[in-house]
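Take a look at the structure set out below.
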Amino acid sequence: MLFKVEMKVNIPHDMPVDVAAGIKALEKAYAQELQRQGKWRHLWRVAGSYANVSIFDVADNAELQELISGLPLFPYMDISVAPLCRHPSSIHADDR
Ligand SMILES: O=C(O)CC1=CCC(=O)O1
């Protein structure tokens, strides 16, 4: 199942820089591993903001919840999720 996930990062201003850097490094490793597994299909920065738009390819809602709640930045993000399905005009056979 494909999901569009929007994440807006809100790191508290009083978080020490080294603590924030550590969480961001963990987030990067976590995100890159999920990309290698094919579960995090797209990761795009929203220009001009500390936010991203992502496409996840997971088995079901429960797996999406598990992966998203495991994000090291999860406590510091506003997240919105939308389920996707194939558009009838899409020419891409891998769109599901
Ligand atoms: O910087 C972000 O948009 C938050 C984030 C998600 C995956 C990652 O590496 O950073």
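Please read these numbers as outputs of a predicted model, since none were measured by experiment. Whatever order the structure lists ligands and atoms in, that order sets their numbers, starting from 1.
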Task: Minimum side-chain heavy-atom gap Phe74-Ile79 below 4.5 Å - done: yes

Open item on the list: Could you check whether Lys24 pairs with Glu27 (Lys NZ or Arg NE/NH1/NH2 to Asp/Glu carboxylate O, under 4.0 Å)?
Closed with: no

Task: Minimum heavy-atom distance between Leu34 and Phe56, given as atom pair plus value - done: CD1-CE2, 4.5 Å

Open item on the list: Taking Lys8 first and then Glu6, would you say they form a salt bridge - that is, a charged N and a carboxylate O separated by under 4.0 Å?
Closed with: no

Open item on the list: Looking only at the side chains, is there a donor atom on one of Trp40 and Ser54 sitting less than 3.5 Å from an acceptor on the other?
Closed with: yes

For ligand 1, find each of its N or O atoms that sits under 3.5 Å from a protein N or O atom, and tabulate the pairs with distances to one decimal place.
| residue | atom | partner | partner atom | Å |
| --- | --- | --- | --- | --- |
| ligand 1 | 1 (O) | Arg45 | NH1 | 3.3 |
| ligand 1 | 1 (O) | Arg45 | NH2 | 2.9 |
| ligand 1 | 3 (O) | Arg45 | NH1 | 2.7 |
| ligand 1 | 3 (O) | Asn52 | ND2 | 2.9 |

Open item on the list: If hydrophobic clusters are built from ILVMFWY residues whose side chains come within less than 4.5 Å, do Tyr30 and Val53 share one?
Closed with: no

